[in-house]
Amino acid sequence: MVHPEERGDALALTGTFRATALFLSPLAMAGLVTLVPVTAALLAAGLLIITPAATPWRSNKDVD
């Protein structure tokens, strides 16, 4: 949650992060495949993808 005055900055930061991730992910996978076998590269990518899902999500409502 952000204040209404900061929403534009928050949207810009989120968009920048997503665009960077979409640009760098294929490059990182191509580089990883050149260094290690495809199976290991896909396993590493899968572990990176599920890491956020495995960490507990904490809401602002929990903080008093």
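The first residue of the sequence shown is numbered 1, and numbering continues consecutively from there. All values below were derived from every heavy atom in this structure, side-chain atoms included, with hydrogens, water molecules and symmetry-related copies excluded. Values in this document were obtained by computation on a predicted structure and should not be read as measured data.
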Chemist: Do L42 and V36 sit in one hydrophobic cluster, given that two such residues count as connected whenever their side-chain heavy atoms are within less than 4.5 Å of each other, even indirectly?
Modeler: yes
Chemist: To the closest 0.5 Å, what do you measure between CG (L27) and CG (L32)?
Modeler: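 Here the interatomic distance stands at 12.5 Å.
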Chemist: Decide whether L35 and V33 are clustered together by the hydrophobic rule: side chain heavy atoms of Ile, Leu, Val, Met, Phe, Trp, Tyr closer than 4.5 Å, transitively.
Modeler: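 The answer is yes; both residues are in one hydrophobic cluster.
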Chemist: Look up atom OG1 in T51 and atom CG in L47, then write down how far apart they are to the nearest 0.5 Å.
Modeler: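 Here the interatomic distance stands at 6.5 Å.
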Chemist: Closest heavy-atom contact between M29 and A45?
Modeler: SD-CB, 3.6 Å
Chemist: Can you tell me how far CG of D9 sits from NE2 of H3, rounded to the nearest 0.5 angstrom?
Modeler: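 Going from the NE2 atom of H3 to the CG atom of D9 covers 12.5 Å.
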Chemist: Is it the case that the side chain of S25 and the backbone of L22 share a donor-acceptor pair, with hydrogens and angles ignored and the cut-off at 3.5 Å?
Modeler: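 No, the answer is negative, given that no donor and acceptor are paired below the 3.5 Å cut-off.
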